[in-house]
Structure formats: C-alpha cells, structure tokens
Protein chains: 2
Amino acid sequence: MKYHKIPDEAVRRLPFYLRDLLTLAEQGRKSISSRDLAGLLGFGPWQIRKDFCYFGSFGTRGKGYDIEKLITQIRKILKLNSVRKAALVGVGNLGLAVLRYPGFRVYGFEIAAAFDNDPKKIGRKIGNITVEDVSKLRTLKKRGIDFGIISVPCAAAQQTFDALAAAGIKGILSFSPCQKKGPEKVKVITIDIAMDLVRLPYYAPTSRPSTR
Amino acid sequence: MKYHKIPDEAVRRLPFYLRDLLTLAEQGRKSISSRDLAGLLGFGPWQIRKDFCYFGSFGTRGKGYDIEKLITQIRKILKLNSVRKAALVGVGNLGLAVLRYPGFRVYGFEIAAAFDNDPKKIGRKIGNITVEDVSKLRTLKKRGIDFGIISVPCAAAQQTFDALAAAGIKGILSFSPCQKKGPEKVKVITIDIAMDLVRLPYYAPTSRPSTR
DNA sequence: CTATGTGAATTTATTCACAGCA
DNA sequence: TGCTGTGAATAAATTCACATAG
C-alpha cells in the first residue's frame, strides 16, 4: 500500500461500514465480501475496496473480509479503539433523547456528563448521569472528557461553544446553527435537522401545493 | 443561462443559503454580495455564484444579490413557496424535540400531525397538535400532508416506513438507520446522529485514550 | 469600477478493469 | 476460480479567471 491522502468522503463512510459490520458480527457472521457489504450499504463494491485500500489491506483474496478484523481496523482508524467520553450541554427534549439513546456505546462512545443552566434541571438524574451546572464545565479535561454535544437554545449556543473550547474539548457535535465558529482548532460538526427536512420537497415527484 | 444538470451538492447547500439569508432579511439587510455571503457561510464566493448560476441569474452586477428576491428564488427552487406539511411518527424525546422546535416555519414547513402507538401518548396535546394512533396514518393524503418524519425505535422503523409509503407520502426524514429502503419512489433522508458523533475523534488532534 | 455569470482549468471522488494472491 | 488491491479512466465538483452588465 502506498501513501494516500484520505478523501474526506471516505472518512465519512467509515462509520456506516462500522455500523453494518457490527450488526453482522452480532448476527454471528464471520466474513463478508465487498459485494455483499456493498449490497447492504447501497453502493458499489469498488467503493468499499477503494475505501479500505486507503487505510491498508485487510481482506483475504478469494475469501472476503474478516468481520472482526475489519471492525478492529475501522475502530482504530476512527480512533474509537478506547472509550471516548462526551459531555452533553443542554438537557432539553433533544438533550434527553441523546442522553437516553443507548446506541453510542457500541461504537466506543459514552455520554459521561450532562450540563444545564436551569436550576430545576441541575441535580436531576438521567440513567447514571447527574445533570451539573454549566459552571462546572471547566472540570471536563480532568475527567478525561474530550468531546462535547451542544443541544442548547440558539441564543446560548455561542457561549456554550466558547466554554467548551475553553475547557479544552477537542471536538463538538452541535445541534445549533447559531455558533459561528471562532478561531479554533476544535473540530465542529453541526447537525441542523431543518436543513435536511427542507430538502425533501425538492426531490419529491410532482410536488403540488398543499393548498387544496 | 444554459441547461445544467444541477449537482446534488449544490442542492444540499441551498437550505444553508436560505437560512443565512433569512437571518439577514430579519436584520433588515437589503442586499449582499457573493463575497459577503460566502464569508458568513465559510466558503468561497465562486461557490455561491456558481450555485446560483445553476438555477438562473438573479443578481445585479456591480451591486450584489437582492436578499428578498434571492429568498423567493431559493424557496421556489426548493419547492418551499407554499406551505409543506409533515407528519411526525414517534413521540418520544426526539419526537417531542422536533414537535416543539419552532424553526421549521420560517422555511415554509409545518409539522401538521403526530402519531404514536402508545395509548398513554395518544390524545396528548403538544402545542396545537394532538397525538393520534398510528392506524390513522392512512388519512395523511387527504389532509394534504406529503412528508413524514420517523422518530420511532429501531424495531418499529421498517413498518413505519412502509405505512408512510402506503399512505402516499412523498418524502421521509428518518432518525432511524433501521429501515432498509424498499423498492420505492419515496425520497428518504436519514440522519443517524451516531454517524456524526463517532467521526469526531478522527479529526481530533493528538487524541489520547481517556484511560488515565 | 464593482460584482455577477460562466466557460475553462484544476482538483477531488467515483468507477472501471485487471493483475495477483489465496 | 473468486475476490481483493490498486493504478488508470471517467465523472463530478470546486476553483479560477475574465468578459460583461450595471
């Protein structure tokens, strides 16, 4: 294998590979060919072989890919080989949904703390997490929490972002479009549900106004 | 302007343009140059001019783009020029967050109905929406609801998807990775929060295990 | 003289096609 | 023979550069 700058698109696909491979492993499946995996994911076998080839070569010719080995490799590439801890800021409905969602664990991710500025919420226990005051954010580094999730109202997003950055957080997943990034080395991924929802009508066939 | 097949990436960017343009309009701003808009969005002015050029030419040379006109145009392109209605299925924490989120209106989108299969939730009122039994999904078409949002547990995702498709829904935003698409003409956009969260460590600088 | 609109150039990503290993 | 690994070919998207309109 030669050196390649890894396409961002390939990195974006890795979690999806991991997701389906974990399901396969759970079902007791031991190995899979690029063709079959492609079938599950809905794109071509080339894509899969090409993507894996950017990172190394961990298949067996004539046989396919060993699922366990592949999972280990992708985890390593994504730096999920040891547990990653994230702090959630903003315990509203969305925050609660994230806190209660059990699905991060399987990827090696753990929501390890939750914060809010509402006294009525502080102290409340959700699962094994107790909601803390946002002023405690500075303790994150000490606690080995490197990632943050922002689910606060728009108006509070920028200051939350700044506080997380100041706390030494390395990456942030934000549900608010309202923090316009500062001059940071913090990786930010923003999910704005409206941006996706609003795109549906464009693709809808023969869309008619709902005014009938 | 000549005919162009519109790049999917350009379509994906349009809602973001719309978002920032709406903010500018709200601030009373009347026009903006591709350079300034690019500054807000974090990419180059070429991108913006190129994207708009795929759809027509609605700027004024030497002057910039008229914000109101641009908003109208983008709305038209995205087929958001009349109100679009969506039904939410699955009133859990995530569903509630979506129902309570006031931010879709400004794009011309309205959550017009909510469904669940839990008798304890059916009949409950959230804002001006009353939660209905999922068996009522077949009434959607009649009510002019063309889009669906799936926020049900994984196990129920496939049947929810099928029910929405059977109800004549044109597009679906799903928060579940568990509906593997059938042979449909329904456009599906899936958001899997884990897929984004899990990507953060890859980009994090000098990521160390949190095991110290 | 400013800022759009758009072909052309460049970069990036996808798809192909096949050599080579199990 | 079957399926991977990977250069080469193709397609797509981004960036440039400049003619052109206001």
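First the proteins, then the strands, lettered A, B, ... as listed; each starts at 1.
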d([atom1], [X]; [atom2], [N]) in whole Å:
X     : N      : atom1 : atom2 : value
B/I67 : C/dT4  : CD1   : P     : 12 Å
A/L37 : D/dG5  : CG    : P     : 13 Å
A/D66 : D/dT4  : CG    : P     : 13 Å
B/R49 : D/dA17 : CZ    : P     : 12 Å
B/Y65 : C/dT2  : OH    : P     : 17 Å
B/I48 : D/dT14 : CD1   : C1'   : 13 Å
A/R12 : D/dA13 : CZ    : C1'   : 14 Å
A/E9  : D/dA11 : CD    : C1'   : 14 Å

Rounded distance (nearest 0.5 Å) linking atom [atom1] of [X] with atom [atom2] of [Y]:
X      : Y      : atom1 : atom2 : answer
A/E9   : A/Q47  : CD    : CD    : 9.0 Å
A/D192 : A/C178 : CG    : SG    : 8.5 Å
B/R75  : B/L14  : CZ    : CG    : 13.0 Å
B/I172 : B/T190 : CD1   : OG1   : 9.0 Å

Checklist entry - Is there a side-chain contact between A/I111 and A/Y101 (heavy atoms, below 4.5 Å)? => result no
Next on the checklist: When you compare the side chain of B/R35 with that of B/R49, does any pair of heavy atoms fall below 4.5 Å?
Outcome noted: no
Next on the checklist: Nearest heavy atom decides the nucleotide; on that basis, is B/K50 or B/R35 closer to the 5' end of DNA chain C?
Outcome noted: B/R35
Item to check | Geometric class of the B/Y17/B/F43 ring pair [parallel <30°, tilted 30-60°, perpendicular >60°] | outcome: perpendicular
Check nucleotides 19-22 of chain C against the protein and report each pair of N or O atoms closer than 3.5 Å, with its distance, or say if there are none.
unit_1: C/dG20; atom_1: N3; unit_2: A/R61; atom_2: NH1; d: 3.4

Nearest to the side chain of [X], which nucleotide is it out of [options]?
X     : options               : result
A/Q47 : C/dT14, D/dC18, D/dG5 : C/dT14
B/P7  : D/dA13, D/dT6, C/dT4  : D/dA13
B/W46 : C/dA13, D/dC16, D/dT4 : D/dC16
B/D8  : C/dT4, D/dA13, D/dT4  : D/dA13

Next on the checklist: Please give the stem ranges for DNA chain D, sorted by first residue number, where a stem is three or more consecutive Watson-Crick or G-U pairs and both donor-acceptor distances are under 3.5 Å.
Outcome noted: C:1-22 with D:1-22
Of the options [options], which is the one that meets [X] in a side chain to side chain contact (heavy atoms under 4.5 Å, CB included)?
X     : options                        : answer
A/F58 : A/D66, A/L70, A/T72            : A/L70
B/L88 : B/I149, B/L173, B/I150, B/D116 : B/I149
B/R13 : B/D8, B/L18, B/D51, B/I48      : B/D51

Is there a side-chain polar atom (N or O) of [X] under 4.0 Å from OP1 or OP2 of [N]?
X     : N      : result
A/S34 : D/dT4  : yes
B/Y54 : D/dA12 : no
A/R13 : C/dT14 : yes

Next on the checklist: Classify B/G44 by what it touches in the nucleic acid, base, sugar-phosphate, or nothing, heavy-atom distance under 4.0 Å.
Outcome noted: nothing
